[in-house]
Amino acid sequence: MDTPVTYEAHGEIGVIRVNNPPVNATGIAVREGLVAAADEFAASPQKVAVLVAEGRTFIAGADIKEFGQTPKEPHLPDVIAHIEALEKPVVCVIHGTALGGGCEVALGSHYRVAVKGARMGLPEVNLGLIPGAGGTQRLPRLIGMIPACEMFTSGRQVGAEECLQLGLVDALSDKTPFDAGMEFAQSVLDQGKGVRRVSEMEVAPYDEADLQALKSAIARKQRGHVCHLRGIEAAVAGGKLPFAEGMKIERQAFWELMQTPQRAAMIHAFFSERKTASLPELKGVTPRPLDHIGVIGGGTMGGGIAVSCLLSGLKVTLIERDTKAAQKARDGIAKTLADSVKRGKLKAEKREALLAEALVTSDDYNSLAEVDLVIEAVFESMEVKKDVFTKLDAICKQGAVLASNTSYLDIDAIAAMTKRPQDVLGLHFFSPAHVMKLLEIVDAEKTAPEVLATGFALAKALKKIPVRAGVCDGFIGNRILSKYRAAGDHMVLEGASPFQIDKVLVDFGFAMGPYAVADLAGIDIGYLTRQRLAPTRDKRERFGEWGDALYHKGRLGRKTGRGHYIYDEQSPKGRPDPEVEEIIAEERKAKGITPREFTDAEIVERYMAAMINEGAKVVGEGIALRPLDVDVTKLYGYGFPRFRGGPMHYADHIGLDTVLATIKAQAQADDFFWQPAPLLEQLVNEGRNFSSLNEG
Ligand code: T1G
């Protein structure tokens, strides 16, 4: 087999070339190849070497696919030490993204040149790890302790200009990587420069107060994660010691983190979000063109979808019921874009251009005649959907894709409202649509493969994480939400406080508990859902009605300053409203329920069992293709803690038999709600787990 690393001589300059598609990850062959090429250079007459990579990016890290396996020698830290120890200088050229082990290879080189658009980063924390090949030891020596710790705890990709300012690279170039390397190597030769080892540099003095400030910010922002502060600990301790001692500390911490469930969970998330984007059945299916998008409805969702499309370079025609409403929608979009300018995410002149050239707002449906895809985001009623899709069917060009942003209505029924059901699918965005990464792509019964492929192409264009979902009430995300929300309400009826439940789930890792989320979304949403379901509700179904009481009191949550929590100057983020406990106590009394205490552990156990059980039903029915699709949906649309990998991965971690036992125990008291998913029972009987269904 060809080695992915080659050495070639160009006069006095040697070139070490890495070529291991798709991202030049430092798998075993690359590590062996780098050592061999370094030895060839050392033994050669060349005086300086250029280390460069082929393809779209420099080394984007260690090969994540090797994690969890027994590591093979040479280990990356040793490969980098081997390069750094060379007696002749090595110039590393960075293009694309030098990430993780790739950034560490650059730090082990003697000089670094970045070409235009290059970025460098240490994103290991996104995998529950820390840099494990010298990043926590060399980076502080090169750029200072605080900038180094900020860089590897944020995991962010640092642009070339900032890399130069930080001293992370020695020069920028707008030449090709090879030419940039040759030019810089020649200057090293001309100036007779020698090797410059970062490991021999001292960490510059830094302000302890700055470090404490960074650590407290991380403790707040990365609540529940173990790797970030562990990384700082290793950097600080190692920075005070000789380099080799520091490396031992880093190695120890790295290997301990490698064994943690958090690492397994976050690597599961890394690969899962890439798997949901590439559907096996769409291999070779060509999507339809996507240049001009129509949006029906300029409210919160319609406006957010329009902004997401505009920021991704697509033309947008947004339709509202009349010109006044259309102008209001345009003003809303203009404001959101202005916020992006304020946050430095968009240039002011670009905003002007988008509003002037790319966005059309109108009340005339005929202006949709030439759009490639249209997304309906109007009021959630079948009558209104019928009116809209009948018009779209009459006006849109043949081949246009007709999509609904409904969050639960029957897409098959909506498709049947048109003469082209094969061109209809669901595109379920999450609010705010220009921020939330998740896009549920609902594949209706008659949706044509190229129409589904067009939905996925739109997700890619909008940089969304797509998940294919089948048709059912609430698709993947909201269907499962309705179950664990109900499990929460049942515990409240039985005696738990909604505030205890929120606190326990925040401690579990959720950004917010279900009752704080209800206040954010609006108590009226829950009320209208209960009203909608009331006519068909089974009389055995238990449900909480205190939300209706709050609704009738006009306490709709954050938007009215009171819901489950009170939101005022004293507590802008909300404080528990004792009156809610009284209203709930009344309901229990009326239903003849004697309340009891709940432990935090029991709350997590029941809440998660309900989530996992419904997740298994959704997979069992084919609404979600694989358990990983459920995980990605919950991670990117419902704030499930990433360091737990998603509910199905979490279930594998605690054991499916444990989950099933909880469900069966609960079914003793309520066998209507707690009906074990057939798939869950099957997997337990077969001694298998959910990840076995993710393969392939
Ligand atoms: N290892 C193995 N495969 C990888 C990989 C990696 N590091 N990075 C990407 N891939 C695969 C990915 O699964 C996909 O495969 C294909 O490459 C294209 O990726 C010792 C321990 C580089 C910014 O965390 O952030 O170094 O789906 O679809 O959108 O300290 O990939 O086609 O089969 O994402 O253009 C640190 C992870 C590792 C970077 C490109 N590095 N990668 O994004 O393409 S830990 C990372 C990314 C480490 C050391 C430690 C992105 C990207 P497939 P893609 P993209």
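Whatever order the structure lists ligands and atoms in, that order sets their numbers, starting from 1.
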Open item on the list: Can a donor-acceptor pair be found, under 3.5 Å and without considering hydrogens, that links the side chain of R138 to the backbone of M201?
Closed with: no

Open item on the list: Can you pull out every ring pair (Phe, Tyr, Trp, His ring centres under 6.0 Å) where at least one residue sits in residues 219-268? Sequence neighbours excluded, please.
Closed with: H225-H228, H225-F643, H268-H649

- [ ] Decide, yes or no, whether a salt bridge links R263 with E256 under the criterion of side-chain N to carboxylate O below 4.0 Å.
- [x] no

Open item on the list: Using a 6.0 Å distance limit plus a 45 degree cone around the ring axis, check whether R274 lies over the aromatic ring of F270.
Closed with: yes

TODO: Could you verify whether a donor N or O on one side chain and an acceptor N or O on the other, from T176 and D179, lie under 3.5 Å apart?
DONE: yes

Open item on the list: Between Q165 and E161, do the side chains contain a donor N or O and an acceptor N or O under 3.5 Å apart?
Closed with: no

Return a table of N or O atom pairs, ligand 1 on one side and protein on the other, at distances under 3.5 Å, rounded to 0.1 Å.
from: ligand 1; atom 1: 1 (N); to: A62; atom 2: O; distance (Å): 3.4
from: ligand 1; atom 1: 1 (N); to: I64; atom 2: N; distance (Å): 2.9
from: ligand 1; atom 1: 7 (N); to: A62; atom 2: O; distance (Å): 2.9
from: ligand 1; atom 1: 26 (O); to: A62; atom 2: N; distance (Å): 2.8
from: ligand 1; atom 1: 26 (O); to: G101; atom 2: N; distance (Å): 2.8
from: ligand 1; atom 1: 30 (O); to: E104; atom 2: OE1; distance (Å): 2.6
from: ligand 1; atom 1: 30 (O); to: E124; atom 2: OE2; distance (Å): 2.7
from: ligand 1; atom 1: 30 (O); to: G132; atom 2: N; distance (Å): 2.9
from: ligand 1; atom 1: 34 (O); to: R274; atom 2: NE; distance (Å): 2.8
from: ligand 1; atom 1: 34 (O); to: R274; atom 2: NH2; distance (Å): 3.1
from: ligand 1; atom 1: 35 (O); to: R56; atom 2: NH1; distance (Å): 2.8
from: ligand 1; atom 1: 41 (N); to: A60; atom 2: O; distance (Å): 2.9

